[in-house]
Amino acid sequence: MVTTDKPHYNVIGTRPVRPDGIDKVTGRALYGADISLPGTLHAHVKRSPHAHAIIKKIDTSKAEALPGVKAVVTGADLPTAEDGSRADNSTNVLAGKKALYRGHAIAAVAATSEHIARQAADLIEVEYEVLPPVLDVRDAMRDDAPIIHEALRTTSPKGPGEKPTNVAAHIQFNFGDAETAFASCDAVAEGQFSTKMVHQGYIEPHASAAMWNPDGQLTIWTSTQGSFPVRKDSSDVLGHPISKVKVIPTEIGGGFGGKIPLYLEPVAALLSRKTGRPVKLRMDRSDVFEGTGPTGGTSIKAKLGATKDGKLIAGYADMAYEGGAFPGSSVMLGALAMFAPYDIANVKIDGYDVVVNKPKNQDYRAPGAPAASFAIEQLVDELAEKLGIDPLKMRRMNSSHEGTRGPGGMPFRRIGNEECVEAALSSAHYNAPLEGANRGRGVASGFWFNVGLRSSVNVSIQPDGTVNLIEGNTDIGGTRASLAMQLAETLGIAYEDVKPMVVDTDSVGYNDVTAGSRTTYSTGMATHQAGLNLVAEMKKLLAPKWQVTAEEIEFQYGTFRAGEQSGSFKDVANQIVGPNGAGLTASGSVNAGIIVGGAFGLHIVDVEVDPDTGKTTILRYTAIQDAGTAIHPSYVEGQMQGGAVQGIGWALNEEYYFDETGRMANSSFLDYRMPTTLDVPMIDTIIVEVPNPTHPFGVRGVGEVPIVPPLAAIANAIYRATGVRQRQLPMSPRRILETTRGIE
Amino acid sequence: MAVVRIPALFQPLAGGATMVRASGATLLDVIDDLERQHPGFRDRLIENGAIRSEVIIAIGSDEAAGLAAPVGEEDEVHLLPAIAGGR
Amino acid sequence: MPGRTHVAARINGEQTDFLCEPWQSLLEVLRDELDLTGAKEGCNNGNCGGCNVILNGALVNSCCVLGVEVDGAEILTIEGVAQGDHLHPLQRSFLENAALQCGICTPGFIVAAKALLDSEPEADEARIRHWLAGNLCRCTGYDKIVRAVLDAADEMRRAPAAAT
Amino acid sequence: MQDFGYVAPTSLDDAVAVLAKHGESARVLAGGTDIIIQTREGRRSVEMLVDVKSIRETTELTLASDGSLRVGAAVPCARIYSDADIARRFPALIDSSALIGGIQIQSRASLGGNLCNSSPAADTIPTLIALGAVCEIAGPSGRRTIPVEEFCTAPGQNVLKPGELLVALNIPAPAPHSGAAFERFIPRNEMDIAVCNAAASVTLSDDGGTIKLARIAVGAVAPTPLFVKAAGDALAGKPASDSSIDAAAQAATDAARPITDMRGSAGQRKHLAGVLTRRVINTAIARAKGA
């Protein structure tokens with residue numbers, strides 16, 4: 001660990017066992033599909049076999065006639081606006097007039113068993129008028145492309161466009177004068193890059209249950225990254241008052257952004273309303289691939305220029321990102337993140353949000369940034385090579401730092417980008433020689449925002465002086481532990497004396513999603529605030545007992561003190577809420593804003609490429625990252641290692657492989673090739689700690705940065721091994737044989 | 001007088017300018033001054049008495065918590081389109 | 001079509017009788033009929049290992065076994081790995097090494113690793129990686145999982161009794 | 001999952017009777033790692049699954065005193081590669097059976113099942129062809145045998161008639177100074193279907209200088225696994241040199257008539273047929289010399 005200016009902590013920085021650990025190693029923890037309610041009906045969704053088709057007629061009569069079938073719903077069961085339209089997330093949950101991608105939900109059946117529900121779904125007859133699909137982002141931008149949404153017009157700085165189009169938005173960023181700056185560059189690198197649609201690949205398929213009571217109270221059990229957004233979105237889609245919707249989050253088996261939106265919840269709710277019974281809905285793996293939100297493919301033309309001494313002075317990018325079947329690609333984020341690791345005075349970006357006949361784009365870990373990084377980090381490498389500069393020294397020379405204009409023009413506060421580059425330069429890995437034929441070493445930097453948003457927690461003292469922490473962010477990777485540790489630190493008590501609990505939407509104040517690298521950061525702030533509020537309340541109750549004023553009582557490292565009198569947190573807790581005392585609860589709520597600084601990482605990778613087969617083997621991998629303050633270093637390392645390996649999968653083998661009709665040919669874990677234990681080495685980590693000035697403990701979000709650098713780091717390493725630059729993902733053996741030997 | 005940096009999205013409103021000087025002690029005052037110079041800004045930035053959800057406004061390095069946020073004479077005010085993830 | 005079949009098996013050391021349809025997988029039987037939801041469905045076609053159980057001493061994907069096939073069999077699921085309140089060394093090691101994030105793959109990994117260490121207590125990193133290649137984890141990048149299995153193997157070699 | 005019945009006969013005669021009764025709608029269940037999944041996903045239409053794991057002849061694994069090996073059609077891969085004697089005598093069989101799926105699959109999946117599933121990319125079939133294995137089939141009209149290379153007829157299809165089942169595979173004893181090897185190419189290092197695979201067996205002259213006989217097979221490059229006789233002929237009677245091996249590899253490449261799909265391109269597969277053939281011949285020769 002590389003650390004700067006870190007205060008002394010007792011709990012923060014230790015590695016305790018997570019509170020929910022026992023349930024998860026014994027099989028007792030209940031995930032989405034494990035929820036079972038008395039009298040439950042089981043449902044199944046019928047999905048479109050066509051990527052683009054008008055739905056002319058849906059005949060559910062045969063399905064309804066099957067014994068055991070209790071209800072069938074279609075998009076017609078969802079409320080519409082006055083003009084008959086529905087919002088995108090409603091139309092995505094159950095199709096309207098058109099099926100917009102293969103796998104688009106068309107109808108759903110509830111029956112006494114899933115077996116019957118599946119048979120009934122097969123009996124639903126749908127009459128389609130099949131339309132030509134548009135599957136490639138640049139094809140979709142052409143004037144003669146099939147139009148997916150007749151009403152769609154391009155929003156742009158010039159105002160809305162006039163013609164129907166698949167380009168939902170044209171965004172622009174412009175700092176300095178890129179055109180003039182390029183003219184004065186001594187070296188320019190440019191290229192056209194593309195990435196394919198990829199899936200988050202969480203191992204738990206989506207699963208939800210719903211119970212709609214006759215009084216209108218709707219309860220939803222679901223595996224989600226955000227129970228409060230599910231409540232809001234379900235309320236919107238169903239046209240049902242938000243106060244009548246309660247969401248109970250189950251344990252969640254991975255999300256990476258993919259479990260933010262609604263898919264099954266309102267469908268289960270409609271079926272429950274029709275039948276008066278609880279209804280459970282779950283996806284199988286092919287449903288997950290075809291019917292949820294992966295992240296869209298991209299096409300990026302990029303250009304980067306430097307002076308002869310290596311100073312980057314001009315950048316340009318034309319970025320087209322797929323939104324899938326609806327507007328909403330990650331192009332804005334990609335554009336904001338692309339140049340963030342560098343201090344470049346002149347940058348121009350054109351970005352396009354483009355609809356295609358593929359599943360609706362969803363966030364996937366640092367959404368938008370990996371594709372942008374794949375382009376820019378290769379160009380940095382090319383310039384370094386052209387100018388004869390070590391690629392890390394090139395980065396050190398150009399690193400963004402405090403005061404550099406960051407994404408969107410705001411100057412960065414204190415960041416740890418330069419420290420990451422320094423840590424890489426002095427790492428054992430970078431200083432070890434790489435020998436042997438067909439081998440190469442690559443590096444790449446990466447940036448991601450810290451998203452703040454809203455969080456709210458309650459804390460209450462128990463009679464034995466322990467503290468319960470009530471929170472609303474589902475724990476996807478150890479946040480019960482990271483929040484409990486921050487509360488223990490705030491209160492000066494042992495980690496074991498804090499009991500964190502994730503509760504439903506009726507039982508705690510509003511919390512935004514567990515996403516955007518925000519939970520340990522933002523909910524951590526709310527937890528810290530709740531701890532301070534609790535101490536203040538304790539002082540008030542203690543003051544009369546000590547015959548002092550509350551202001552005279554000091555609290556530090558778990559001890560209350562006023563003059564000669566002192567007491568530990570537990571002693572005071574016992575006096576206040578002990579046998580004759582009252583209960584005591586405090587809360588903390590924050591709105592930490594949307595963009596709150598950011599975090600950087602740098603990865604180093606050694607590869608070997610088999611020249612006969614084109615297969616790349618990862619020999620050694622080191623991930624370096626500024627975590628601000630690492631609350632629980634093991635889980636920080638875990639995020640870095642997991643992100644790196646997801647990135648390795650994206651770089652080498654993962655892709656949605658579509659046929660010309662828009663059918664995903666590889667919708668299984670057999671052919672959607674995520675890395676296995678045998679595909680990766682141990683992932684070494686170096687945690688850099690440059691405390692975040694906006695957080696009481698200096699926390700930066702750590703979850704997303706580590707998926708940004710791997711794509712370009714591996715591309716740069718493959719270049720060093722083969723002499724051929726890689727412009728397209730995945731860099732599969734097939735692709736490597738094509739680019740290195742012309743075998744197609 | 002604070003400097004308001006105008007992103008491409010809003011440049012048409014400001015006659016193509018990339019920055020505009022505007023005065024005011026609070027963010028609301030600054031936006032009002034911006035509106036006087038370039039009508040249309042207020043509606044694009046404010047809704048129901050609060051910063052619109054689709055924009056982020058930062059003063060210096062920090063996101064403004066609300067319209068009452070103080071703005072110093074030397075401050076830079078940044079108008080940013082809010083992060084549009086795929087929701 | 002034929003009706004439900006009576007099947008008798010020893011599951012986690014207990015004689016267990018159940019009725020199942022011929023088309024129900026062992027995974028469905030465990031989860032839906034016997035309330036043993038520790039085995040998880042990640043893919044339902046033998047490619048993720050989330051549903052791993054030990055069937056007559058052999059590691060299998062319970063999604064690729066029919067319920068009717070296990071008559072007379074001995075089955076160990078994740079629910080049978082701990083002895084009462086005494087965790088198996090693998091379970092402790094997963095906790096101490098932070099070898100889980102979301103935890104959905106954890107039961108499958110622990111069952112698979114137990115099957116390995118029961119027969120090959122000397123397994124090294126290469127052998128562990130080979131053995132666990134049928135178990136997918138998307139959160140950890142496998143580093144801490146492999147370390148957890150190595151640590152548990154070490155502990156079990158030093159104190160074999162702890163593993164029973 | 002579609003509705004189907006299940007029966008577990010305890011004799012070959014009973015199995016043949018029930019298979020004959022149900023005709024095309026019956027399928028044999030051995031390890032189930034293909035048929036259960038295909039039935040669940042609607043890729044095979046099945047009304048009756050006939051579990052053959054209670055039948056003696058399909059579950060026996062016998063290394064005869066003459067060195068030949070009889071593998072019951074339902075014997076799981078793990079049982080084959082766990083047998084030290086078999087591993088020593090038939091290393092190519094271990095190459096194949098130790099890389100089908102993960103450990104969890106190998107506990108159940110069988111050579112017989114892999115053959116009857118008749119995938120062009122099956123990982124045990126090229127090895128069985130190279131080793132000269134023969135299928136033992138039982139049916140309503142008695143027993144018959146057929147060389148493995150004649151078993152598959154199209155993707156997912158084979159010579160079994162309604163009522164017939166594969167009982168066992170008989171692999172002849174390896175000749176003196178012989179060796180065999182199998183290799184496949186997959187994008188990951190485990191858990192994938194072969195983009196291309198190849199197997200070779202070679203028998204050397206007593207002094208090891210000349211290749212007396214060779215059998216080469218390649219997979220995933222045609223509708224069925226291919227026995228490439230021309231590749232073996234290119235080696236027979238030649239010294240084990242780069243030029244003879246190149247000629248054999250070229251013969252394998254020439255025989256390949258692959259398609260492009262999500263698992264690989266036609267050009268990639270044709271190229272790999274040559275690469276892998278060269279590699280397995282080299283390994284087979286090394287094993288022959290070591291034996």
Side-chain angles (χ1 to χ4, degrees), chain A residues 44 113-119 121-122 196 284-287 610-618 648-649 651-660 663-681 730-744, chain D residues 1-4 33-34 37-43 45 98-105 119 121 123 183-198 220 246 249 253 256 258-280 282:
Chain A
H44 188 69
S113 76
E114 191 176 323
H115 191 69
I116 295 172
R118 283 174 178 269
Q119 288 177 330
D122 286 342
K196 297 282 179 57
D284 61 26
R285 181 54 53 183
S286 62
D287 293 338
D610 181 334
D612 288 335
T613 65
K615 183 162 164 171
T616 299
T617 300
I618 307 289
I648 290 169
L652 294 182
N653 282 307
E654 293 180 32
E655 64 175 310
Y656 272 51
Y657 191 96
F658 288 98
D659 68 16
E660 66 282 0
R663 183 183 74 93
M664 182 191 184
N666 60 332
S667 60
S668 76
F669 277 154
L670 177 63
D671 288 311
Y672 185 88
R673 302 186 186 98
M674 309 200 310
T676 72
T677 45
L678 277 178
D679 300 318
V680 290
M731 298 175 284
S732 60
R734 176 175 175 175
R735 180 87 200 138
I736 299 293
L737 280 184
E738 270 176 38
T739 54
T740 60
R741 303 182 60 157
I743 295 167
E744 289 185 14
Chain D
M1 184 75 111
Q2 48 195 302
D3 291 356
F4 56 78
T33 53
D34 284 318
I37 305 309
Q38 290 165 358
T39 308
R40 176 178 297 142
E41 295 173 358
R43 289 186 280 137
S45 171
L99 52 64
I100 293 186
I103 301 294
Q104 302 88 333
I105 298 292
S119 160
D123 283 323
E183 197 169 318
R184 73 171 173 190
F185 180 76
I186 54 174
R188 291 185 290 187
N189 290 303
E190 192 60 90
M191 302 302 290
D192 283 343
I193 304 291
V195 178
C196 180
N197 58 22
D246 282 349
T253 303
I259 56 165
T260 291
D261 67 7
M262 60 179 164
R263 292 177 183 144
S265 68
Q268 178 192 17
R269 287 181 157 129
K270 232 170 150 52
H271 168 76
L272 287 171
V275 169
L276 296 178
T277 298
R278 193 175 292 112
R279 288 183 181 180
V280 291
N282 279 318

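Lettering follows sequence order; numbering is per chain, from 1. Just so it is clear, the model here is predicted, and its values are computed rather than measured.
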(message) Heavy-atom cut-off 4.5 Å, strictly under: side chain, backbone, both or neither for A/Asn653 against chain D?
(response)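 Interface part for A/Asn653: side chain.
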
(request) Please flag which part of A/Phe669 lies under 4.5 Å from any non-hydrogen atom of chain D: side chain, backbone, both or neither. (result)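 Answer is backbone: N, CA, C or O of A/Phe669 sit under 4.5 Å from chain D.
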
(message) Tell me whether A/Lys615 contacts the main-chain N or O of A/Pro733 through its side chain, where contact means a donor paired with an acceptor under 3.5 Å.
(response)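 No, A/Lys615 side chain to A/Pro733 backbone: no donor-acceptor pair under 3.5 Å.
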
(request) For chain A, find which of D/Arg279, D/His271, D/Glu190 contributes the most heavy-atom pairs closer than 4.5 angstrom. (result)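 Among D/Arg279, D/His271, D/Glu190, the one with the most close pairs to chain A is D/His271.
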
(message) Tell me which of these, D/Ala266, D/Gly101, D/Gly267, has more heavy-atom pairs under 4.5 Å with chain A than the rest.
(response)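 Answer, by heavy-atom pair count under 4.5 Å with chain A: D/Gly267.
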
(request) With sequence neighbours excluded, tell me which residues meet salt bridge (Lys or Arg N to Asp or Glu O under 4.0 Å) with D/Asp246. (result)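 Salt bridge (Lys or Arg N to Asp or Glu O under 4.0 Å) check on D/Asp246 returns D/Arg278.
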
(message) Show the nearest heavy-atom pair for residues A/Arg734 and D/Ser265, with the distance to one decimal.
(response)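 What the structure gives for the nearest pair is NE-CB, 3.5 Å.
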
(message) Counting heavy-atom pairs closer than 4.5 Å to chain D, which one of A/Thr676, A/Thr613, A/Leu737, A/Asn666 comes out on top?
(response)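 Of the candidates given, the most pairs with chain D belong to A/Thr613.
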
(request) Quickly, which of D/Asn197, D/Asp192, D/Asp123 forms a side-chain hydrogen bond (donor to acceptor under 3.5 Å, both in side chains) with D/Arg184? Name it, please. (result)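 Of the listed residues D/Asn197, D/Asp192, D/Asp123, the side-chain hydrogen bond (donor to acceptor under 3.5 Å, both in side chains) partner of D/Arg184 is D/Asp123.
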
(message) Let me confirm one number: the CG-OG1 distance from D/Leu276 to D/Thr253, rounded to the nearest 0.5 Å.
(response)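 OG1 of D/Thr253 is found 9.5 Å from CG of D/Leu276.
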
